[in-house]
Engineer: 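Below is the structure I would like to discuss, written out as structure tokens.
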Amino acid sequence: MSKKEEILLLLRRAVETWNADLAREAAEDALDLGIDPCEAIEQGLGKGMDSISDRYYHGKIFLPQVLAASRAMETGISVFEQYLCSRTAHSKGVVIMGTVQGDIHEIGKHVVCAFLRGAGYTVYDLGKDVSPDEFIQTAREKGACLIGASALMTTTLVGQKRIVDQIKEEKILDLKTIFGGACCTPKWVESIGGDAYCSCGAKVVAEVETLLSDR
Ligand code: B12
């Protein structure tokens, strides 16, 4: 096994064993070895979260363990995020990100924020449980070109529709939307009149560049 494979495996294990210290150390080792942070997040930490999701789904672990694994994942992301943020000098545009009202899942959104920041966008992360009003008022204040909203539950998906509805009501023509999260699908985004769907962090930069290319 190469050193790179070893570190990716350690990142994965750190999340699987909810070990935040290991996540931090392995993330620092990944940076020292020159592993691309996006690859480290998707192929290391992300794989760990996939197996946590699977074990949770099959009733082998419970919410406290999922929460602890989430903390380990967030710790690893924060090490990479500092590096990603310092990589580019000029902003390509302002993006408002958040998790929709009633939903507290944030990890996927953090991954997306890290990738967009790394690609040179200025990202305002409004956190979790964000109302449509908050998304749209902040977008106006900050002169944003894009709102990204995450929804992980079938019960909170409607929060994405409310954002699109309010943008239409207020006739904000130059503000686009991109949506994602475990329960979100391309069909859903089309049905609510959103501009783009994205299934994972690794694809988000390309998706956003295409979406904003006609500005
Ligand atoms: C971690 C987790 C939690 C953690 C969240 C910690 C945190 N800080 O975020 C905790 C333990 C707190 C939690 C709580 C709950 N959870 Co939970 N949770 C999960 C779990 C296991 C993993 C989610 C995750 O982080 N995945 C890893 C990330 C990296 O992946 P991701 O979120 O999919 O994001 C990627 C893409 O989707 C995409 N993406 C995501 N967002 C966005 C946004 C944009 C703009 C774009 C472009 C892309 C994008 O890019 C990301 C990166 O690649 C999922 C299971 C699952 N399979 O999703 C359940 C899951 C989402 N939870 C679920 C439930 C029910 C709950 C609770 C209600 C449980 C309870 N009984 O209390 C509460 C929610 C309370 C609330 N009001 O929100 C259900 C939802 C079921 C449903 N269909 O509605 C799931 C699916 C589990 C299940 N199978 O039952 N949960």
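Indexing begins at 1, ligand by ligand and atom by atom, following the structure's order. These figures come from a predicted structure and were not determined experimentally.
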Engineer: Please list, in number order, the atoms of ligand 1 under 4.0 Å from a heavy atom of Val111.
Structural biologist: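 Answer for ligand 1: 52 (C).
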
Engineer: Are the side chains of Asp125 and Arg117 in contact, using a 4.5 Å heavy-atom criterion?
Structural biologist: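 SC-SC contact between Arg117 and Asp125 confirmed.
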
Engineer: Within the 4.0 Å heavy-atom shell around Val112, which atoms of ligand 1 are there?
Structural biologist: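 Listed by number with element: 46 (C), 48 (C), 49 (C), 50 (O).
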
Engineer: Which heavy atom of the protein is the closest neighbour of atom 38 (C) of ligand 1, given with residue, atom name and distance?
Structural biologist: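 Looking at atom 38 (C) of ligand 1, the protein heavy atom closest to it is Ser199 O, 3.6 Å.
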
Engineer: Would a hydrophobic clustering, with Ile, Leu, Val, Met, Phe, Trp and Tyr connected at side-chain separations under 4.5 Å, put Leu126 with Val112?
Structural biologist: no

Engineer: State the atoms of ligand 1, each with its element, that fall below the 4.0 Å cut-off from a heavy-atom position in Gly148.
Structural biologist: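 Under 4.0 Å from Gly148, ligand 1 has these atoms: 45 (C).
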
Engineer: Which bit of Glu207 gets closer than 4.0 Å to ligand 1, counting heavy atoms only: side chain, backbone, both or neither?
Structural biologist: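 Glu207 to ligand 1: no contact under 4.0 Å from either part.
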
Engineer: Could you please tell me which protein N, O or S atoms lie under 2.8 Å from atom 17 (Co) of ligand 1?
Structural biologist: His105 NE2

Engineer: Would atom 1 (C) of ligand 1 count as contacted, meaning some protein heavy atom under 4.0 Å?
Structural biologist: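 For atom 1 (C) of ligand 1 the answer is yes, since some protein heavy atom falls inside 4.0 Å.
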
Engineer: How far apart are the closest heavy atoms of Thr156 and Leu152, and which atoms are they?
Structural biologist: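 The pair with the smallest heavy-atom distance is OG1-N, 4.2 Å.
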
Engineer: Identify all side-chain donor-acceptor contacts of residues 127-139 below 3.5 Å with residues at least two apart in sequence or on another chain.
Structural biologist:
| residue | atom | partner | partner atom | Å |
| --- | --- | --- | --- | --- |
| Asp129 | OD1 | Gly102 | N | 2.7 |
| Ser131 | OG | Glu134 | N | 3.1 |
| Asp133 | OD1 | Gln166 | NE2 | 2.6 |
| Thr138 | OG1 | Glu134 | O | 2.6 |

Engineer: Protein heavy atoms: any of them under 4.0 Å from atom 79 (C) of ligand 1?
Structural biologist: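 No, because not a single protein heavy atom sits under 4.0 Å from atom 79 (C) of ligand 1.
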
Engineer: Under the side chain to side chain contact (heavy atoms under 4.5 Å, CB included) criterion, do Tyr197 and Gln160 qualify, and how do the steps go?
Structural biologist: CA-CA 11 Å; Tyr197 161 79; Gln160 296 177 335; over 6 Å; no

Engineer: Kindly indicate whether the side chain of Ile192, heavy atoms from C-beta on, has any atom under 4.5 Å from the side chain of Thr177.
Structural biologist: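 Ile192 vs Thr177: side chains apart.
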
Engineer: Short list, please: which atoms of ligand 1 are under 4.0 Å from a heavy atom of Asp103?
Structural biologist: 78 (O)

Engineer: Which residue from Ser70, Ala149, Pro64 reaches closest to atom 4 (C) of ligand 1 through any of its heavy atoms?
Structural biologist: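 Of the listed residues, Ser70 has the closest heavy atom.
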
Engineer: Treating Ile, Leu, Val, Met, Phe, Trp and Tyr as nodes and any side-chain heavy-atom pair under 4.5 angstrom as an edge, say whether Val100 and Val95 lie in one connected cluster.
Structural biologist: no

Engineer: Checking a contact table here: which protein heavy atom is nearest atom 44 (C) of ligand 1, and how many Å away?
Structural biologist: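 Here the closest protein heavy atom is Gly180 N, 3.6 Å.
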
Engineer: Should Glu190 and Lys187 count as an ion pair when the cut-off is N to O under 4.0 Å?
Structural biologist: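 Salt bridge flag = no for Lys187 with Glu190.
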
Engineer: Do me a favour and list the nearest non-hydrogen protein atom to atom 12 (C) of ligand 1 with residue, atom name and distance?
Structural biologist: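 Closest protein heavy atom to atom 12 (C) of ligand 1: Leu67 CD1, 3.7 Å.
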
Engineer: For atom 58 (O) of ligand 1, grab the closest protein heavy atom and report residue, atom and distance to one decimal in Å.
Structural biologist: Ala182 CB, 3.7 Å

Engineer: Under a 4.0 angstrom heavy-atom cut-off, which atoms of ligand 1 come close to Cys183?
Structural biologist: 83 (N)

Engineer: Is the shortest side-chain N to carboxylate O distance from Arg24 to Asp21 below 4.0 Å?
Structural biologist: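 Salt bridge: yes.
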
Engineer: Could you check atom 27 (C) of ligand 1 against the protein and tell me its nearest heavy-atom contact, residue, atom and distance included?
Structural biologist: Met49 CG, 3.4 Å

Engineer: Measuring from the heavy atoms of Glu42, does anything fall under 4.0 Å of ligand 1?
Structural biologist: yes

Engineer: Any side-chain heavy atom of Tyr121 sitting closer than 4.5 Å to one from Val204?
Structural biologist: no

Engineer: Classify the contact between Ile107 and ligand 1 as side chain, backbone, both or neither, using a heavy-atom distance cut-off of under 4.0 Å.
Structural biologist: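 Ile107 to ligand 1: contacts from backbone and side chain alike.
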
Engineer: For atom 41 (N) of ligand 1, grab the closest protein heavy atom and report residue, atom and distance to one decimal in Å.
Structural biologist: Ser150 OG, 2.7 Å

Engineer: Tell me the protein heavy atom at minimum distance from atom 75 (C) of ligand 1, and give that distance in Å.
Structural biologist: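 Of the protein heavy atoms, Ile104 CG1, 3.7 Å lies nearest.
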
Engineer: Starting from Leu22, walk the hydrophobic network (Ile, Leu, Val, Met, Phe, Trp, Tyr; side-chain heavy atoms closer than 4.5 Å) and list everyone else you reach, by chain and number.
Structural biologist: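 Noted: Leu22 shares its cluster with Leu10.
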
Engineer: Would a single hydrophobic cluster contain both Val79 and Val123, if residues Ile, Leu, Val, Met, Phe, Trp and Tyr are joined by side-chain heavy-atom contacts under 4.5 Å?
Structural biologist: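 Same hydrophobic cluster.
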
Engineer: Under 4.5 Å side-chain heavy-atom separation, chaining through any Ile, Leu, Val, Met, Phe, Trp or Tyr, what else clusters with Leu9? Say none if it is isolated.
Structural biologist: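 Grouped by the 4.5 Å side-chain rule, Met1 form the rest of the cluster around Leu9.
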
Engineer: Would you indicate which of Gly201, Gly181, Cys200, Gly108 comes nearest to atom 37 (O) of ligand 1 when only heavy atoms are counted?
Structural biologist: Gly181

Engineer: Of all the atoms in ligand 1, which lie at a distance below 4.0 Å from a heavy atom belonging to Tyr57?
Structural biologist: 89 (N)

Engineer: Under 4.0 angstrom from atom 85 (C) of ligand 1, is there any protein heavy atom?
Structural biologist: no

Engineer: Can you sort out which atoms of ligand 1 are near Cys198, meaning under 4.0 Å from one of its heavy atoms?
Structural biologist: 47 (C), 48 (C)

Engineer: Quick check: do Glu42 and Val111 have side-chain heavy atoms less than 4.5 Å from each other?
Structural biologist: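 Result yes, sub-4.5 Å side-chain heavy-atom pair found.
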
Engineer: Testing the basics here: between Met49 and Ser70, what is the closest heavy-atom pair and its distance to 0.1 Å?
Structural biologist: CE-OG, 4.0 Å

Engineer: Which residue owns the protein heavy atom closest to atom 56 (C) of ligand 1, what's the atom, and how far is it?
Structural biologist: Ser53 OG, 4.0 Å

Engineer: Can we say Arg55 and Glu16 salt-bridge, meaning some charged N sits less than 4.0 Å from an Asp/Glu carboxylate O?
Structural biologist: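 Salt bridge absent between Arg55 and Glu16.
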
Engineer: Decide whether Ile172 and Ile96 are clustered together by the hydrophobic rule: side chain heavy atoms of Ile, Leu, Val, Met, Phe, Trp, Tyr closer than 4.5 Å, transitively.
Structural biologist: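 Result: yes, single cluster for both.
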
